[in-house]
Protein chains: 2
Amino acid sequence: MPSGPGAKLTDVAALAGVSVGTVSNVLNRPDQVSIDKRSRVLAAIDQLGFVRNESARSLRSGSTRSLGMLVLDVRNPFFTDVALGAENVAEDHNHSLILANSAENAGREQAYLDLFEQQRVQGVLITPFGNVLERLEKMRTRGIPSVLVDRLASTDQFCSVSVDDVAGGAAALDHLVSIGSVRPAFVGGPFTLQQVEDRYRGAADAAERAGVPLQLFETPDLKFERGRQVGDLIGNLQPAKRPDAVFAANDQLALGLLQSFAANGLRVPEDIAIVGFDDIDFASQSSIPLTSISQPRQLIGERAAELLFDEIDSEHGHVHSQVVFTPELVARQSTLRR
Amino acid sequence: MPSGPGAKLTDVAALAGVSVGTVSNVLNRPDQVSIDKRSRVLAAIDQLGFVRNESARSLRSGSTRSLGMLVLDVRNPFFTDVALGAENVAEDHNHSLILANSAENAGREQAYLDLFEQQRVQGVLITPFGNVLERLEKMRTRGIPSVLVDRLASTDQFCSVSVDDVAGGAAALDHLVSIGSVRPAFVGGPFTLQQVEDRYRGAADAAERAGVPLQLFETPDLKFERGRQVGDLIGNLQPAKRPDAVFAANDQLALGLLQSFAANGLRVPEDIAIVGFDDIDFASQSSIPLTSISQPRQLIGERAAELLFDEIDSEHGHVHSQVVFTPELVARQSTLRR
DNA sequence: TTGATTGATTGAATCGATTCATTCAAACTC
DNA sequence: GAGTTTGAATGAATCGATTCAATCAATCAA
């Protein structure tokens, strides 16, 4: 019969007939304890149902074995995948990952950074929303380093792991041209989002290189509903003026376009082709599977966590680095050659 | 210039010229401190960049201001929505939510429960995977209560928040009959999953009441790919033997069916209608918007967290209760009356 | 004026695990 | 057999915030 709440280390020591130091060693450096005592201690732990108090442990030892991760939107599959990758690496290092959701809200973002500081996490993985770089630098001086995720560090003060959105945009447009598009369009916004800006720029440059014009449909956000609206707009254009292909700044938008086109009797890809961005699961699971630009999501999380541990573990000898992945186009039915 | 790592409470006290007790009071019971000293302390905190050490705090006070939440799959939007609801309630109570992912793996599930115990969370929200009820009861005796989420407690030893899957299944089938289906089918499995079993039973009972037969296509899992396979199978049946409507045990499966039907030239809903379950975002965002059974996901999380806090806060006076929500059918194009 | 009451402030004791200098015993060297 | 090395085990000191009984000052009642 395991005892009630709160057997502690001294209780274990007493029951096993050893000192507290020995019990602590069994917990933390088991190979430095003789087999005999070790098994006695383990038996006592089992009998008492002892669970080590993490607060006490980290108070004394100064380290917490946990990382904080702050993302823009936990509901976005992109971020859960990135988090999964980071969590795996954290687990390898015997750390746990505290996942928090800033929900694109500067106040919440600050509040969670407060929390991370109070918890004394060993490091932070963050996709910044508000103006937090200064604060992050301050946190580093206090011993809590951070790595930027899905965002290229503008200074060399941080490690960052991101994706080359310009290249992704170019790949999308090159693909559209290669299947014969002569009137491609870009749908997305706002351009204050770096990702949107980059994806557009890549596409625009590629269009210029290919000698085709690129129409622009700017949107105030990247949501599904917005895609539907723009889709209706495009569907109502005269066939001769209508784009023969669209590159949407993300998959949500692309799915919105797709639904609108289906409702308006526009055939995809025959009348109009579509490329999305992100390659979320539902891109391939749409009735008309969607061509999209795929980012190595788990890998982004893994690499970010690795860079973070590198900075945590190395005393001073750490050099910040910017990892930039090149996204890949995955061709599916929505851009089938006509 | 804020100071380096580790200003502590005594430093603040010294700088402000008060005792440590007063600083602690400013932090925890600000109204018991005179305005004068309070502002002096706050100034000192600001100047030193003091951040309270949560480990020390909770070691001494015994409470952690955090909940643990353990879900089957963080990548599943259902769970992220439930978590969001729970997180909001936790925030209202000034607690933070530690979200963990058992990934339908009994070993990980146990490991995370270990972690929660070590962290001394105040309570646990869990969708159990393995055989953990006994352990959870033991944890309660040690002062860590738990609430079952998306799972009806079989004993009255736990609070639980779940959805009436039988009613959901019945609603789906009633709807199909009401739009004129005479050869409905159920697609889903395995039947060892309580949810699948219940949804099927509700549908089967409703079919019997309506006097129509219910065909069954059993699947080994609930994934998209499986839906596509079954869809191909159905698409190859002679029109006369082919179901005129299918009820899929979840939306992933339904989307798979939809894609397959589209590829095989079956029109939805004219040739065959589809109802899904869960009403994930992508159900309504499909090219042919999908009728689905909607669960109040955030509400489930909120209610679960409220029940948990009730048990945490009440000394002994807590009575376990089972909350069961009735899901609602959301009719869309995939079951438009012919 | 005195005694009682209220409210603010103090600071030593405390939470529970870890650390590390020290002790002890055994094994080894010459 | 004396001296040295090695490995295990010990337990008091420690991490930093909170607690609470005690103190002090100010206000009030009679």
Side-chain angles (χ1 to χ4, degrees), chain A residues 3-42 44-45 48-65 94 114-115 117-120 122 142-143, chain B residues 3-42 44-45 48-66 94 114-115 117-120 142-143:
Chain A
S3 87
K8 42 195 183 184
L9 196 135
T10 50
D11 302 333
V12 174
L15 180 60
V18 300
S19 73
V20 292
T22 299
V23 178
S24 178
N25 282 335
V26 170
L27 259 26
N28 301 300
R29 298 167 216 82
D31 44 324
Q32 289 186 23
V33 180
S34 67
I35 307 215
D36 163 38
K37 303 217 159 171
R38 197 195 313 172
S39 61
R40 252 159 61 205
V41 168
L42 289 175
I45 287 177
L48 294 172
F50 165 79
V51 177
R52 88 124 103 22
N53 184 322
E54 180 63 23
S55 298
R57 201 205 133 271
S58 56
L59 170 58
R60 178 59 238 241
S61 73
S63 91
T64 52
R65 312 220 130 272
N94 255 305
D114 288 347
L115 190 74
E117 285 205 83
Q118 288 167 206
Q119 309 250 50
R120 301 289 195 275
Q122 298 289 99
R142 298 206 192 112
Chain B
S3 86
K8 44 195 181 183
L9 196 135
T10 51
D11 302 333
V12 174
L15 180 59
V18 299
S19 73
V20 292
T22 299
V23 178
S24 178
N25 282 336
V26 170
L27 257 29
N28 302 299
R29 298 168 216 81
D31 43 324
Q32 288 185 21
V33 178
S34 67
I35 307 211
D36 163 38
K37 303 216 160 171
R38 199 194 313 171
S39 61
R40 252 162 55 209
V41 168
L42 290 175
I45 286 177
L48 293 173
F50 165 79
V51 177
R52 88 126 103 19
N53 183 322
E54 180 63 24
S55 297
R57 201 206 132 270
S58 56
L59 170 59
R60 176 61 237 239
S61 74
S63 90
T64 51
R65 311 221 133 271
S66 66
N94 255 304
D114 288 348
L115 189 74
E117 285 205 83
Q118 287 166 206
Q119 309 251 49
R120 300 292 195 274
R142 296 204 192 114

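Here the structure is a predicted model, which means the values were calculated and not measured. Chain A is the first sequence line, chain B the second, and so forth, proteins listed ahead of strands; every chain is numbered from 1.
Taking the 5' to 3' direction, DNA chain C first and last meets chain A under 4.0 angstrom from a heavy atom at C:dG16 to C:dT19.
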Exercise for the section: Represent DNA chain D in dot-bracket notation, 5' to 3'. Only Watson-Crick or G-U wobble pairs with both distances under 3.5 Å count; pseudoknot-style crossings use [ ] and interstrand partners use |. Expected result: ||||||||||||||||||||||||||||||
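Side-chain contact between A:Ile45 and A:Leu27: present, with at least one pair of heavy atoms (C-beta onward) separated by less than 4.5 Å. Contact check for A:Glu117 versus A:Arg142: side-chain heavy atoms found under the 4.5 Å cut-off. In this structure the side chain of B:Arg52 never reaches within 4.5 angstrom of the side chain of B:Leu9, judged on heavy atoms.
B:Thr64 pairs by the side-chain contact (heavy atoms from CB on, under 4.5 Å) definition with B:Ser58, B:Ser66, B:Arg120, B:Gln122, not counting sequence neighbours.
A:Arg29 comes within 4.0 angstrom of the backbone, heavy atoms only, and of no base. The residue A:Val23 sits apart from the nucleic acid: no heavy atom pair falls under 4.0 Å. The residue B:Arg120 sits apart from the nucleic acid: no heavy atom pair falls under 4.0 Å. As judged by a 4.0 angstrom heavy-atom cut-off over every strand, A:Ser34 is placed among residues touching the sugar-phosphate backbone only.
Put simply, NZ on A:Lys37 is 13 Å from C1' on D:dG11, counting in whole angstrom units. Across the protein-nucleic acid pair, A:Arg60 atom CZ and D:dA12 atom C1' stand 11 Å apart, rounded to whole Å.
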